[in-house]
2 protein chains.
Amino acid sequence: MAEAHLQEALTTLKDSGVRITPQRHAILDYLVQSMSHPTADDIYKALEGKFPNMSVATVYNNLRVFRESGLVKELTYGDASSRFDFVTTEHYHVICDSCGTIVDFHYPGLDEVEHIASHVTGFQVRHHRMEIYGVCGSCRQKDTHEQL
Amino acid sequence: MAEAHLQEALTTLKDSGVRITPQRHAILDYLVQSMSHPTADDIYKALEGKFPNMSVATVYNNLRVFRESGLVKELTYGDASSRFDFVTTEHYHVICDSCGTIVDFHYPGLDEVEHIASHVTGFQVRHHRMEIYGVCGSCRQKDTHEQL
DNA sequence: ACACTAATTATAAAGATTATAAAGTAATAT
DNA sequence: ATATTACTTTATAATCTTTATAATTAGTGT
């Protein structure tokens, strides 16, 4: 399953004339395997065993390449680092204000909102982002015990 | 109208024990007056006429104070600077991918989404963010003429 | 006006990301 | 096969936004 996603991604890249270097293969592989939403630095650190000489710039460059090929979505926040999400099916994210955990959340796209926004503002709407924030189950338990 | 908002904000601050300095007054005033969504640097530059010695840190510090008092919302993006929005009524934002213009968009809160997210993930949901992206009217005209 | 405390300033530091230039590697044509 | 070319990686420096620090200044209640 994950393997299939990786193969498909590699084919997509090859077909659009992007070379498959060992570094790119490894970064993609990590993105597919990791069920989390890693930062560029997470990826850099995770791969420094295999590629002791890899530069952070390589990670950033290739994440940009993947983003431009539509393989990866960049989740941007204010001060903190961007997180990168391998694109499979459409979904939103629910984020814990306390520990930062990101949980995938499947919900039908908000087409109506897009239509109304387009109508009201005169924009040609192309996409939207939505995130839901709160406190995750384990942080709530901690809070209860610690009287936080 | 704008004056009323400013006065109300000043009262809120005073009541919570925050000193009203000339800098704070000016920053709040600018936020209320400007119908845009300025960055910290926008504010800093706009006020350097009145306050030639004001530090950027003062702008950031006070924007944080206002945020913590609930007077101002911080709109965070990835690489770019945060933008600050004086809180009046609840609304979302529609953002132009081409020129960055931010337009206010009034729409009922997505309560249902929050409820379902809470139910599915076990989070105690507290808030959400949504932005709609596209191309604004004037950029679309430009694109047509320039065959972009 | 005085004393107390908070706010401002100037500066440095931190952190994430991008730019640059040199060296390396893969693809293509000869 | 080899030379040529274009693309990648590496190492490093630079940029940009934001925060931390320490010294000075200024509000506020008595």
Side-chain angles (χ1 to χ4, degrees), chain A residues 10 12-30 37-69 71-85 100, chain B residues 9-30 37-69 71-85 100:
Chain A
L10 292 171
T12 304
L13 285 177
K14 211 174 250 172
D15 288 356
S16 58
V18 176
R19 288 183 191 166
I20 311 299
T21 65
Q23 292 89 337
R24 283 183 179 157
H25 194 288
I27 294 171
L28 263 186
D29 194 35
Y30 183 79
H37 304 78
T39 64
D41 199 55
D42 290 337
I43 299 170
Y44 177 63
K45 287 206 170 66
L47 299 181
E48 72 181 355
K50 273 191 210 164
F51 299 89
N53 295 323
M54 185 166 67
S55 167
V56 257
T58 299
V59 178
Y60 279 103
N61 286 340
N62 291 329
L63 287 171
R64 176 160 34 76
V65 169
F66 299 157
R67 173 161 46 79
E68 288 168 356
S69 303
L71 295 176
V72 160
K73 274 199 182 169
E74 183 174 359
L75 316 174
T76 64
Y77 305 102
D79 44 344
S81 308
S82 289
R83 294 177 166 278
F84 295 87
D85 195 11
Chain B
L10 291 172
T11 306
T12 303
L13 286 177
K14 212 174 250 171
D15 288 355
S16 58
V18 175
R19 289 184 187 166
I20 310 301
T21 65
Q23 292 90 337
R24 284 185 177 154
H25 194 289
I27 294 171
L28 263 185
D29 194 37
Y30 183 79
H37 305 78
T39 64
D41 199 55
D42 290 337
I43 299 169
Y44 177 62
K45 289 209 169 64
L47 299 181
E48 71 180 356
K50 274 191 208 163
F51 299 88
N53 295 324
M54 186 167 65
S55 167
V56 258
T58 298
V59 178
Y60 278 102
N61 286 340
N62 290 329
L63 288 171
R64 177 160 34 76
V65 170
F66 300 157
R67 172 159 48 78
E68 288 167 356
S69 303
L71 295 176
V72 159
K73 274 200 182 169
E74 181 174 0
L75 317 173
T76 64
Y77 304 102
D79 44 344
S81 306
S82 289
R83 294 176 167 277
F84 294 87
D85 196 10

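Letters A, B, ... are given to chains in the order of the sequence lines, protein chains preceding strands, and every chain is numbered from 1.
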Classify the nucleic acid contact of A:Asp41 as base, sugar-phosphate or nothing, counting any heavy atom under 4.0 Å across all strands shown. nothing
Looking across every strand, which nucleic acid part, if any, lies under 4.0 Å from B:Thr39 by heavy atom: base, sugar-phosphate, or nothing? nothing
For a 4.5 angstrom cut-off between non-hydrogen side-chain atoms, does B:Asn61 reach B:Val65? no
Quick one: label B:Thr58 by what it contacts on the DNA or RNA (base, sugar-phosphate, nothing), any heavy atom closer than 4.0 Å. base
Taking distance alone, no hydrogens or angles, what donor-acceptor pairs closer than 3.5 Å link side-chain atoms of residues 21-28 of chain B to residues at least two apart or in another chain?
unit_1  : atom_1 : unit_2  : atom_2 : d
B:Thr21 : OG1    : B:Arg24 : N      : 3.1
B:Arg24 : NE     : B:Asn62 : OD1    : 2.8
B:Arg24 : NH1    : B:Arg19 : O      : 2.9
B:Arg24 : NH2    : B:Asn62 : OD1    : 3.3

Can you give one letter per nucleotide of nucleotides 20-30 of chain D, going 5' to 3': B for a protein heavy atom under 4.0 Å from the base, S for sugar-phosphate only, - for none? B-----BBS--
note: B:Leu63, atom CG; C:dT8, atom P; distance rounded to Å ~ 11 Å
Nearest-nucleotide wise, let me know which of A:Phe51 and B:Ser81 is further upstream toward the 5' end of DNA chain D. A:Phe51
How close or far is atom C1' of C:dA10 from atom OH of B:Tyr44, stated in whole angstroms? 10 Å
Using atom types as modelled, flag every donor-acceptor pair under 3.5 Å from a side chain in residues 43-56 of chain B to any protein atom, sequence neighbours excluded.
unit_1  : atom_1 : unit_2  : atom_2 : d
B:Lys45 : NZ     : B:Asp41 : OD2    : 2.4
B:Ser55 : OG     : B:Ala57 : N      : 3.1

Qualifying residues under side-chain contact (heavy atoms from CB on, under 4.5 Å), relative to B:Thr12, sequence neighbours excluded: B:Leu71
Output, in order, the C-alpha distance, side-chain angles, deciding distance and verdict of side chain to side chain donor-acceptor pair (under 3.5 Å) for A:Asp42 and A:Thr39. CA-CA 5 Å; A:Asp42 290 337; A:Thr39 64; 3.2 Å; yes
In degrees rounded to 10°, what angle is found between the helical axes fit to the five outermost pairs at each end of the helix from C:dA1-D:dT30 to C:dT30-D:dA1? 30°
Please enumerate all residues that pass side-chain contact (heavy atoms from CB on, under 4.5 Å) together with A:Glu74, with sequence neighbours excluded. A:Arg67, A:Thr76, A:Ser82, A:Phe84
